[in-house]
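These numbers were taken from a predicted model, which means no experiment stands behind them.
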Amino acid sequence: MISGLSGYILSEMVNSCFEVAINKYGCCVLQSCVEHFQGEYRECLVAEIIANALHLAEDPYGNYVVQHLLEQKIPEATENLLRQLGGRYVSLSRNKYSSNVVEKCLTESGDEQSSRILRELLKSPNISMLLVDPFGNFVIQSALSVSKGLMRNALLNLIRVNAPSMRTNLYGKKVLAKLQHL
């Protein structure tokens, strides 16, 4: 049980979680709190991060907080976070900051969860844009690294079909180069 000044500070962190997370220095403090504290304060911080995950993911500093939460490998938190981001993985993949979060979702979650994300990406009519997108190409490269079975085959087929246009695009060339190294 944390009491006194420490309890007050942690309580204020929970109440101001979003504002702290999007601050250059606050994001580091928040990550440390998530990593080192246990119990109700940590649970409240995690719940606040998840509730604000979409906005945090697109923020220059907040995205680090979301990535750090994924790195903690707290099963329930990961599942809730992925659910919160669900339905938006393609648009998040095209953003400078949130594309890093999508990559982390693919690499830090389990096979079943990463397959769900890949399925969502592959079902999108805009998936081919990610192959040549300045940020989306990195998501595709991460997807290549973690995909298996049918998801991998579908991803490879998508790349094969789009390879001619990818060869003339700086970002498409990066995806094709990654494919050569696998």
Under the side-chain hydrogen bond (donor to acceptor under 3.5 Å, both in side chains) rule, collect the residues that match up with [X], sequence neighbours excluded.
X      : result
Glu79  : Gln113, Arg116
Asn162 : none
Gln84  : none
Asn95  : Ser98

Once salt bridge (Lys or Arg N to Asp or Glu O under 4.0 Å) is applied, what residue pairs with a partner in [range] remain, sequence neighbours excluded?
range            : answer
residues 144-156 : Asp111-Lys148
residues 49-71   : Glu71-Lys104
residues 159-182 : none

Cluster partners of Tyr61, using ILVMFWY side-chain heavy atoms under 4.5 angstrom, listed by chain and number?
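Hydrophobic cluster check, Tyr61: no partners found.
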Who else is in Leu170's hydrophobic cluster (ILVMFWY, side-chain heavy atoms under 4.5 Å, direct or via others)?
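Leu170 clusters with Tyr171.
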Mind listing the side-chain donor-acceptor pairs of residues 12-29 below 3.5 Å, one per line with the distance, residues two or more places apart or on another chain?
| residue | atom | partner | partner atom | Å |
| --- | --- | --- | --- | --- |
| Asn15 | ND2 | Ser11 | O | 3.3 |
| Ser16 | OG | Glu12 | O | 3.3 |
| Asn23 | OD1 | Tyr25 | N | 2.8 |
| Asn23 | OD1 | Gly26 | N | 2.8 |

Determine, stepwise, if the pair Leu118 / Leu106 fulfils side-chain contact (heavy atoms from CB on, under 4.5 Å).
CA-CA 8 Å; Leu118 279 168; Leu106 287 167; 4.2 Å; yes
Mind checking whether Val66 and Asn52 have side chains closer than 4.5 Å, heavy atoms only?
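No; the side chains remain at least 4.5 Å from each other.
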Using the side-chain contact (heavy atoms from CB on, under 4.5 Å) criterion, which residues pair with Ala77? Sequence neighbours excluded.
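Only Val46, Ile50, Leu69, Ile74 meet the side-chain contact (heavy atoms from CB on, under 4.5 Å) criterion with Ala77.
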Does any pair with a residue in residues 124-133 pass side chain to side chain donor-acceptor pair (under 3.5 Å), and if so which ones, sequence neighbours excluded?
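Sorted pair list: Arg94-Asp133.
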